[in-house]
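Whatever order the structure lists ligands and atoms in, that order sets their numbers, starting from 1.
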Amino acid sequence: QVAEAAAFLKARLASLSPRIGIVLGSGLGAVADAVTGPVVVPYAEIPHFPRSTVEGHMGRIVAGLLGGVPVIMMQGRVHFYEGYSPEEVTFPLRVLGALGIRAVVLTCAAGGIAEGYQVGQLVALGDHINLMGWNPLIGPNEPRFAFWAGAGLRFPDMTEAYSKALRSLAKQAALEEGFALDEGVYLAVSGPSFETPAEIRAFRALGATLVGMSTVSETIVARHMGIEVLGLACVANLAAGLGATALSHQEVFETGRQVEQRLSRLLQRLAPRIAALVDPAKDEEKQP
Ligand code: HPA
């Protein structure tokens, strides 16, 4: 099924062969507007592809040039809380892997737990804590997804789940854009209910600075395939009990709208540098 979906997309992409994947989270979809020469493919047209049921998630692939280099973007993702199985949630990432991406930028909205976070701030993920209650690799190991050297293991190493090299490129690019990119720890829950204030206090004690309902499953599957990951979270709201108001998807979505232009400029600056880092000339490794 992954192979079928990948073959379908490969035909639609024609001569474009992106080595960078980008997943756009809640309210962040407009980053895709910065893609030039876009090839747009709604998820509904792709064989076996799951469809996003959440407002604020467009549900289409946008491939083309970003900052002059080929990228493939997912405008919208599916989540565990929508009722999708682990396989379904991570299917799109497997397809991007089969298309030959070497690095992926996972963006998401998150609740801010750390003191001092401002709503609308971007934070690079330095690490995560998976409290979703599941792992997308549960089941028989799938070495056929080992697209790069050392990948496809039953017990993938997660010591550097989020690439240090990509993170430092992102911090540098952010400084050039005039803002500082903090580094945080993202704790993932299944949702869809937001957390209680007691849960947030517990998560802070565990070392989390951000909380969200996505991303970690994609990170795990990407690492299983040997793909480098950059995680970028937008602090969409202060986590439960920390702000003055109740939490709502509306707020999450609206913060995203305010941040997406900044994220878009950051990614335009960053894409060519990521491309240089994952230049095919630099790997003697196995390719899909
Ligand atoms: N909690 C969980 N997920 C989220 C939040 C939150 O506060 N904000 C955006 N996504």
Open item on the list: I need the atoms of ligand 1 closer than 4.0 Å to a non-hydrogen atom of G212, numbered in the order shown.
Closed with: 2 (C), 3 (N)
Task: For the student: nearest non-hydrogen atoms of T215 and C108, plus distance - done: OG1-CB, 3.3 Å
TODO: Determine whether the side chains of S168 and Q172 contain a donor N or O and an acceptor N or O closer than 3.5 Å.
DONE: no
Open item on the list: Less than 4.5 Å apart, side chain to side chain, heavy atoms only: is that true for T219 and L125?
Closed with: no
Task: Residue and atom name of the nearest protein heavy atom (relative to atom 10 (N) of ligand 1), distance in Å to one decimal - done: A109 O, 3.6 Å
Task: R94 versus H224, side-chain donor and acceptor atoms under 3.5 Å - done: yes
TODO: Number the atoms of ligand 1 from 1 as they appear, then name those within less than 4.0 Å of a heavy atom of E195, with their elements.
DONE: 1 (N), 2 (C), 6 (C), 7 (O)
Task: For E88 against P50, the heavy-atom pair lying closest together - done: O-CG, 3.4 Å
Open item on the list: Suppose I only count heavy atoms of L247 and a 4.0 Å limit; which atoms of ligand 1 are within that range?
Closed with: 7 (O)
Task: Residue part near ligand 1, for V252, under 4.0 Å between non-hydrogen atoms - done: side chain
- [ ] Give a yes or no on whether the backbone of A236 and the side-chain of T255 come within a donor-acceptor separation of less than 3.5 Å.
- [x] yes
Task: ligand 1 contact on C108 by region, counting heavy-atom pairs under 4.0 Å - done: neither
TODO: Output the list of atoms in ligand 1 that are nearer than 4.0 Å to some heavy atom of F194, sorted by atom number.
DONE: 1 (N), 5 (C), 6 (C), 7 (O)
TODO: For N237, counting its heavy atoms only, list the atoms of ligand 1 lying under 4.0 Å from any of them.
DONE: 5 (C), 6 (C), 7 (O), 8 (N), 9 (C)
Open item on the list: Which residue in the set I61, L24, I22 passes side-chain contact (heavy atoms from CB on, under 4.5 Å) when paired with M74?
Closed with: I61
- [ ] Would you mind listing which atoms of ligand 1 come within a distance below 4.0 Å of any non-hydrogen atom of G111?
- [x] 4 (C), 5 (C), 6 (C), 7 (O), 8 (N), 9 (C)
